[in-house]
Protein chains: 2
Amino acid sequence: MSLPYAILTALLEKPSSGLELTRRFDRSIGYFWSATHQQIYRELGRLEEAGHIRALPSAGPVRGQRKEYEVLPGGREALREWVGTPEDPKPLRSALLLRMRAAAVVGAAGLRAELARHLALHRAQLDEYLRIEERDFPAERRGTEPDRLRHLVLRGGIDLERFWVEWLTAALADLGPED
Amino acid sequence: MSLPYAILTALLEKPSSGLELTRRFDRSIGYFWSATHQQIYRELGRLEEAGHIRALPSAGPVRGQRKEYEVLPGGREALREWVGTPEDPKPLRSALLLRMRAAAVVGAAGLRAELARHLALHRAQLDEYLRIEERDFPAERRGTEPDRLRHLVLRGGIDLERFWVEWLTAALADLGPED
DNA sequence: TGTCCCATGTAAGGGGTTACATGATTGC
DNA sequence: GCAATCATGTAACCCCTTACATGGGACA
């Protein structure tokens, strides 16, 4: 449901080919809406058919040849409408919390190590976000309107990772040293 | 991947029929691994075929007739193994953050209302969790081992909702009154 | 006997993931 | 020529979601 709008947003920020989009997703929009190149190509096809984007004239319909897309007015309008569309948050799905719940029934063997592993992963992700913040939002240029929104989004990611780091740290302390 | 283990956990806590499981999911395990009754019936069939659970003898294979399941030793063992299995956290997927990112490009019309709506939803979920905590984990009985784990899981849900409430509140303040 | 609810399913479709396939370009 | 890489796609599978179907039991 959301992937086409993620792609429209990325293409408005900068017209790109499928593979470029995939790369950019991996280090930007993908942080809160990930996608593989197969998904992206499929969706690009649908968006083109719907008249929301078009391939730039330079590119012929040859397999294996780079095809760059840009957003058409209809696509921009569809994206604007979508921004104001209400959509409930999807219920949480955490295999880790599920494991803890199961551990309450069949024993917590191996659970501690898994919590520690997740803690390390979230710490690493947090560090990555903080580096991005330093690079893209230095203190001096946090005024402009689009930047404020983009920075808010990044802060969401940062705060969420911080939450997990803190919660996992507390959970590990609560579990004690045993396994 | 996780659903069968969610079901095994629930069945170990209490043998149940498919519909009972669905109800219990809606107000317990489903808070961090939701499932519809169709998913549950399908998975019960697979678990039975795999020899991890069995229908209690009282129930014949008649359509429309209640069938209660219990976990077999093999199922318990499979669950124990799964608890210690490493699995990376799935990348975040938030349509709301995506909308904010899109709003930075095509304008934030309607975004403020949507943030406020989500804030109300998260507040409501937080209240529900807090009621459950009061009911199931009163201060006097927070010692026993399985309860400690279950309470940790609930705290995870509580802290996560609190996180969203705080972040959304801050985001709304940051956006200002305009639309 | 009709109606409601309990209970267990079936069917269709969509998105996501993984593995694989094919064509173009570049450098050695 | 050949290999590596860029680039676009196909195919199969699984899980989830939604809508619909069917049977049994309780009750007026």
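Proteins get letters first, then strands, A, B, ... in listed order; numbering begins at 1 in each.
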Engineer: In whole Å, what is the span from the CD1 atom of A/Ile40 to the P atom of C/dG16?
Structural biologist: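 That distance rounds to 11 Å.
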Engineer: Side chain of A/Arg42 only, heavy atoms from C-beta on: which candidate in C/dG15, D/dC16, C/dT18 is closest?
Structural biologist: C/dG15
Engineer: Quick check for you: among C/dG9, C/dG16, D/dG9, whose closest atom lies nearest to any side-chain atom of A/Gln38?
Structural biologist: D/dG9
Engineer: If you look at every heavy atom in A/Arg148 and B/Leu175, which pair is closest and at what distance?
Structural biologist: NH2-O, 3.6 Å
Engineer: Salt bridge or not for A/Glu43 and A/Arg46, using N-O below 4.0 Å?
Structural biologist: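 A salt bridge links A/Glu43 with A/Arg46.
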Engineer: Of the nucleotides C/dG15, C/dA7, D/dT8, which one has an atom closest to the side chain of A/Arg66?
Structural biologist: D/dT8
Engineer: Checking salt bridge (charged side-chain N to carboxylate O under 4.0 Å, His left out) for the pair A/Arg117/A/Glu114: CA distance, chi angles, key distance, verdict?
Structural biologist: CA-CA 5 Å; A/Arg117 207 176 62 84; A/Glu114 180 67 354; 3.0 Å; yes
Engineer: Starting from P on D/dG23, measure out to NZ on B/Lys67 and report it in whole angstrom.
Structural biologist: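 Taking atom P of D/dG23 as the reference, NZ of B/Lys67 is at 16 Å.
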Engineer: Expressed in angstrom and rounded to an integer, what is the separation of B/Gln65 atom CD from D/dT22 atom P?
Structural biologist: 19 Å
Engineer: In terms of the nearest nucleotide of DNA chain D, which residue is placed more toward the 5' end: A/Gly18 or A/Pro91?
Structural biologist: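 Going by which nucleotide is closer to the 5' end, it is A/Gly18.
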Engineer: In whole Å, I'd like the distance from the CZ atom of A/Arg23 to the P atom of D/dA7.
Structural biologist: 6 Å
Engineer: With a non-hydrogen cut-off below 4.0 angstrom, is A/Ser34 in contact with a base, only sugar-phosphate, or nothing?
Structural biologist: nothing
Engineer: Distance check needed: D/dT8 P versus A/Glu20 CD, whole Å only.
Structural biologist: 8 Å
Engineer: Closest to the A/Arg93 side chain: D/dT17, D/dT8, D/dG9?
Structural biologist: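 Of all the options, the side chain of A/Arg93 is nearest to D/dT17.
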Engineer: Where the side chain of B/Tyr69 is concerned, which of D/dC6, C/dG9, C/dA7 is the nearest nucleotide?
Structural biologist: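 In terms of side-chain proximity for B/Tyr69, the closest of D/dC6, C/dG9, C/dA7 is C/dG9.
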Engineer: Which of the following nucleotides, C/dG15, C/dG16, D/dG9, is nearest to the side chain of A/Arg46?
Structural biologist: C/dG15
Engineer: Taking the six-membered ring for Trp, are B/His37 and B/Tyr41 parallel (under 30°), tilted (30 to 60°) or perpendicular (over 60°)?
Structural biologist: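 Plane angle over 60°, so perpendicular.
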Engineer: Can you confirm if the NZ or CZ of B/Arg99 lies within 45° of the ring axis of A/Trp82 and under 6.0 Å from the centre of its six-membered ring?
Structural biologist: yes
Engineer: In whole Å, what is the span from the CG atom of B/Leu56 to the P atom of C/dA7?
Structural biologist: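 Checked: the CG to P distance equals 15 Å.
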Engineer: Tell me the interatomic distance from A/Phe25, atom CZ, to C/dG16, atom C1', rounded to whole angstroms.
Structural biologist: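 Going from A/Phe25 (CZ) to C/dG16 (C1'), I get 14 Å.
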Engineer: Whole angstrom is fine here: how far is it from OH in B/Tyr41 over to P in C/dA11?
Structural biologist: 17 Å
Engineer: A/Ala35 or B/His37: which one's nearest nucleotide on DNA chain C is closer to the 5' end?
Structural biologist: B/His37
